[in-house]
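What you see is a predicted model, and the numbers here were worked out from it, not measured in a lab. Order of the sequence lines sets the chain letters (A, B, ...), proteins ahead of strands, with each chain counted from 1.
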Amino acid sequence: MTDPSALLKAARRLDKGALAEIFDLYAPDIYNYILRLCQDPVQADQIVGDVFSKFLDQLALGQGPHTNLRAYLYQTAYHLFLDQAHEIKRIAPIEIVEFFAPDNYSVQNAVENRALLDAVMLAINNDLTDDQRHVIVLRFLEGLSLKETAKIVGKNESSVKVLQSRGMAKLRKILSDLRSESQGYQ
Amino acid sequence: MNNQSIPSERMVENLLHTLGADKKPYPQGLLETRRAAYLSQVTLLVGSGPRPQKGNKGNGRGQGGSSSASVPMTPLMKVVLTVLIAGNIALVTYLGVLTYENWDKVQALLFGAPTLSETSPAPPELSTQPPALDSTPEIATAPESTVVPDSTPAPESLSEDTQPAGDNSVENPEVSTPEPPAKDKPGLHLGQTPHGPDEPPSQDQNNDQGNDNNKDKNKDKDK
């Protein structure tokens, strides 16, 4: 795989191969990121198209990122998603939750059961604030660094840390309640 | 009881990482379509090259600035533009000088300034002069004045006739009344009027002419 910085330099020179490689490298990640937020495959695909189209426009104008291409693409996707956020229902239908549930090919030993993952995903989408949700998704589901996450959401790193800790505390409480309920049933 | 049931932060992180690792693959059909569209955009971009920034503000995905903005200026165009600009400057300067020289007219034309009302009485004064000249002959040809010359010589002749007598000066007080000398003035004016309109004579000339006329009349009477 090509070095991201070298890939970006080649893309800024409008190298066709580099531009194609950038799409192949980041389009699936952007798609999954948006899909986790909006739970709509079609909308996620449209946002992916908008992200890369805007990226090309910026390059054509001599603008766009000079460093950290991945954060730039995520940031563009994040803002595009926010623009359409009012059209997105935060309550995820159960079939989409199951879409994120681990199948046999990706199941890890840490996952005790499918219901627990479903509950976590529902809590992320429904019980966290928007900022907490974005930070949790970017930091843990997308694996971005604290610096990248801060750049994408437009906040400083300390604010991101606060959002992350509060989001984690809320998720722990929700999981605790779920566990209590399940023990009560048993 | 709750403290014991609350999962640790590490456990929640593991759950989140597990969710993150579970990536739904991009649907192949959507991915191919999106990739093809993207590559077509790349082809257009690579073929057209970088776009100028000024022409693209607010243009989104347009083709960039207009072609006229990138047309270089030829020397002929520079000469033509220079001549046009210089001509405009000269014209404006000339108009400015004209305006300065004829400021009163311009002011009257633009603002209806009081100078117009002040200057307007002047033409009537000039126009009234010819009627004044025309009126003087009317005065001169008035019947009263024409009668006077006929009457004026009479006292003079009487006076000449009576002067030799000398003694009759008391007997004919009516003839020697001081009125005839007073009526000589209109006679002098009669002598002036034929010359008046053409050559305005001086007072000395009037007196000379009047004396000449009187001498001629006296000579005729003597004859």
Check: Could you state the interatomic distance from CG (L39(B)) to CZ (F52(A)), rounded to the nearest 0.5 Å?
Finding: 11.0 Å

Note to self: I need the minimum non-hydrogen distance between S8(B) and R172(A), along with the two atoms involved.
What the structure shows: C-NE, 3.9 Å

Note to self: Just verifying a value: how many Å separate R36(A) CZ and K24(B) NZ, rounded to the nearest 0.5 Å?
What the structure shows: 12.5 Å

Note to self: Could you measure the distance from the CZ atom of F140(A) to the CG atom of N14(B)? Nearest 0.5 Å is fine.
What the structure shows: 10.5 Å

Check: More than 12 heavy atoms of other residues, nucleotides or ligands under 6.0 Å from CZ of R166(A): is that the case?
Finding: no

Margin query: Using 0.5 Å steps for rounding, measure from the CE atom of M11(B) to the CG atom of L171(A).
Written below: 12.0 Å

Checklist line | Heavy-atom pair of closest approach, residues L31(B) and F23(A) | finding: CD1-CE2, 3.9 Å

Check: What part of F55(A) is in contact with chain B, defined as an atom under 4.5 angstrom from a non-hydrogen atom: side chain, backbone, both or neither?
Finding: side chain

Check: Is there side-chain contact between V48(A) and Y38(B), with heavy atoms separated by less than 4.5 Å?
Finding: no

Margin query: Looking at every non-hydrogen atom in both residues, tell me the closest pair between P25(B) and Y31(A) and how far apart they are.
Written below: O-CE2, 4.3 Å

Next item on the list: Over all heavy atoms of both residues, which pair between M121(A) and L19(B) is shortest? Give the atoms and the distance, please.
Entry: SD-CD1, 3.9 Å

Next item on the list: Sequence neighbours left out, what pairs pass side-chain hydrogen bond (donor to acceptor under 3.5 Å, both in side chains) with at least one residue falling in residues 25-36 of chain B?
Entry: D24(A)-R35(B), D45(A)-Y26(B), D45(A)-R34(B), Q28(B)-E32(B)

Notebook entry, point to check: More than 12 non-hydrogen atoms from neighbouring residues, nucleotides or ligands closer than 6.0 Å to NZ on K173(A), yes or no?
Noted result: no

Notebook entry, point to check: For the atom pair CG (L16(B)) and CD1 (I124(A)), what is the distance rounded to the nearest 0.5 Å?
Noted result: 5.0 Å

